[in-house]
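For reference, the structure is listed below as structure tokens.
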There are 2 protein chains.
Amino acid sequence: MAPRNESCQNCPIRHSAVCADCEPHELAILEQLKSYRTYAPGATIASAGESLAHLSSLVSGCATMSRTLEDGRRQAVGLLLPADFIGRPGRATSLFDIEAVSEVTLCRFERMQFERMVRDTPHIATRLLSMTLDELDVAREMAVTLGRMTAREKIASFLVSLARRQATVTRHSGPKSPVALHLPLSRQAIADHLGLTIETVSRQLTQLRKAGLIALTDSRDISIPDFERLQVEAGEDDFTPVI
Amino acid sequence: MAPRNESCQNCPIRHSAVCADCEPHELAILEQLKSYRTYAPGATIASAGESLAHLSSLVSGCATMSRTLEDGRRQAVGLLLPADFIGRPGRATSLFDIEAVSEVTLCRFERMQFERMVRDTPHIATRLLSMTLDELDVAREMAVTLGRMTAREKIASFLVSLARRQATVTRHSGPKSPVALHLPLSRQAIADHLGLTIETVSRQLTQLRKAGLIALTDSRDISIPDFERLQVEAGEDDFTPVI
DNA sequence: CGCGGCATTGACTTCTGTCAAAAATAGTGG
DNA sequence: CCACTATTTTTGACAGAAGTCAATGCCGCG
């Protein structure tokens with residue numbers, strides 16, 4: 001459960017979210033404007049085409065951004081983890097569905113107030129630009145994965161990128177020690193991210209396990225004995241940036 | 001051929017590029033800093049992993065942004081048309097290959113000077129943010145297409161989006177009149193954009209032609225008799241935004 | 001005219017999707 | 001705590017969409 005209005009000083013995403021570059025006096029303004037909201041797993045945070053009254057930073061938990069076509073086909077376009085920003089200044093409606101995967105806490109700002117902050121506070125504007133450019137890179141890497149990788153490569157690169165994003169939490173000492181990885185997503189949600197079916201995801205995970213590239217303690221917890229070997233399996237070339 | 005330093009006043013992308021929101025005095029500064037450069041069709045504008053000395057706006061022509069994997073598989077992540085911005089402040093290297101498709105003219109700024117402009121000129125910073133957010137939406141739509149659409153839907157939606165982007169130039173009076181569309185890309189380049197092979201692109205275009213959805217005058221020129229019908233074929237739902 | 005690149009078409013293969021069932025896991029209530 | 005159900009995951013058999021390999025056709029150009 002999120003505190004009503006805990007101080008930004010103690011915020012877990014203080015140095016990585018949209019407020020990262022703010023000076024104390026700027027932070028004080030944000031502190032006045034912000035409000036927290038918590039969503040249960042599976043809850044809808046936003047729906048494609050509907051208006052979005054708040055812009056938010058994801059403080060804790062995990063959410064997906066996706067589009068569902070009329071016939072039920074679904075494609076995820078982003079995995080939202082702590083510090084990620086939700087919504088965009090200048091457009092009132094979300095183009096995608098946003099759904100809580102685990103329990104999610106958002107730090108929210110009213111649209112108008114936030115848009116004024118973006119105009120008046122260069123530290124927020126430039127931080128938001130920088131984050132948006134990073135997201136753009138991620139989205140384009142995603143396009144490479146979706147368009148040209150095999151099912152096996154998609155799974156491997158998904159695991160690699162997830163491991164990198166959780167690195168601070170789970171990675172132990174040396175780069176050669178096994179990496180423990182918790183999957184926040186169901187097989188179905190992984191399939192939606194990679195443009196695959198649930199069956200193909202399951203089969204490829206089994207193959208990776210049989211090849212000794214991963215070990216499954218339970219269906220949501222994976223251990224990667226040799227991270228570099230999995231990176232090779234992910235078909236990464238030297239240009240693939242570590243975002 | 002691009003003029004050496006033609007006035008920004010007459011620039012074809014004056015009101016749609018990164019400088020769109022600039023006041024006359026801001027434009028005057030840009031005018032001092034800019035330089036034009038022209039690339040022949042097929043020329044390399046940037047290479048993945050290599051440094052990029054300039055940030056640019058594409059003034060005329062067409063270019064692709066793509067990644068080529070070690071084994072030759074290639075995926076395009078963007079089609080660059082007039083007013084599109086190339087490069088990003090805050091990172092000196094390009095993550096993707098950028099290649100001229102037709103003859104391309106760029107309006108270029110030195111990295112350092114442009115980054116200073118972004119810091120000092122809110123009209124540039126906010127315009128760049130807005131453009132980047134739009135590109136992010138495009139990239140995410142692309143992910144939906146690459147991940148979940150059939151070959152036929154990919155081709156149809158590619159044609160629809162190309163027609164929309166060329167709308168100002170080619171679209172005639174009413175929305176029901178046939179739309180003429182020139183393909184700037186070869187079959188191979190289209191395939192690279194859609195995550196398909198050249199043969200599949202060719203076959204699907206033939207099928208669309210046989211179904212009366214398009215007519216091919218020559219292999220690069222397409223006429224769309226009923227645009228709305230092609231939109232349906234593209235599998236667009238009501239939420240698909242017209243970007 | 002003949003070469004070379006691009007596009008189209010055909011025959012066949014393969015990877016992933018579909019349909020279906022079994023196994024594992026989680027959740028519920030007695 | 002344990003049976004029982006519901007959900008998720010895994011596995012299998014088969015089908016189908018797109019890829020691969022190969023040949024042919026089309027154009028522009030020297």
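Numbered from 1 within each chain, the chains take letters A, B, ... in sequence-line order. What you see is a predicted model; the values in this text were computed from it and never measured.
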Quick one: which protein N/O atoms are closer than 3.5 Å to N/O atoms of nucleotides 24-30 of chain D? Pair and distance per line, please.
none

How long is the line joining CD1 of I190(B) and P of dA18(D), in whole Å? 16 Å

Distance, rounded to the nearest Å, where L196(A) contributes CG and dA17(D) contributes P: 18 Å

Produce the list of close N/O pairs, under 3.5 Å, pairing protein atoms with atoms of nucleotides 9-13 of chain D; give distances to one decimal.
from: dT9(D); atom 1: OP2; to: R187(A); atom 2: N; distance (Å): 3.2
from: dT10(D); atom 1: OP1; to: R187(A); atom 2: NH2; distance (Å): 3.1
from: dT10(D); atom 1: OP2; to: R187(A); atom 2: NE; distance (Å): 2.7
from: dT10(D); atom 1: OP2; to: S202(A); atom 2: OG; distance (Å): 2.8
from: dT10(D); atom 1: O5'; to: S202(A); atom 2: OG; distance (Å): 3.1
from: dT11(D); atom 1: OP2; to: T206(A); atom 2: OG1; distance (Å): 2.7
from: dG12(D); atom 1: N7; to: R203(A); atom 2: NH1; distance (Å): 3.0

Heavy-atom closest pair (L196(A) atom, A151(A) atom, distance to 0.1 Å) is CD2-CB, 4.0 Å

Nearest whole angstrom, please: distance from the P of dT20(D) to the CG of D71(B). 10 Å

Using 4.0 Å as the upper bound for N to carboxylate O, is an ion pair formed by R148(A) and D71(B)? no

Distance check needed: dT16(C) P versus K154(A) NZ, whole Å only. 8 Å

Specify the separation, in whole Å, of atom CG of L183(B) and atom C1' of dA7(C). 13 Å

Pairwise side-chain contact, R220(A) with S186(A), heavy-atom cut-off 4.5 Å (strictly under): yes

Counting only N and O atoms by type, is there a donor-acceptor contact under 3.5 Å from the side chain of S102(B) to the main-chain atoms of C62(B)? yes

Sequence neighbours left out, what passes salt bridge (Lys or Arg N to Asp or Glu O under 4.0 Å) with D218(A)? Give chain and number order. none

Distance in angstrom units between R73(A) CZ and dA17(D) P, rounded: 12 Å

What is the minimum heavy-atom distance between R152(A) and A211(A), and which atoms define it? NH2-CB, 3.9 Å

With distance as the sole test, does D137(A) use its side chain to make a donor-acceptor pair with the main-chain N or O of A139(A) at under 3.5 Å? no

Taking CG from L208(B) and P from dT8(C), how many angstroms apart are they, rounded to a whole number? 12 Å

For R67(A) and A48(A) the tightest heavy-atom approach is NE-CB, 4.5 Å

Return the value, rounded to whole Å, for the distance between atom CE of M149(B) and atom C1' of dA17(D). 16 Å

Which heavy atom of M142(B) sits nearest a heavy atom of Q75(B), and at what distance? CE-NE2, 4.4 Å

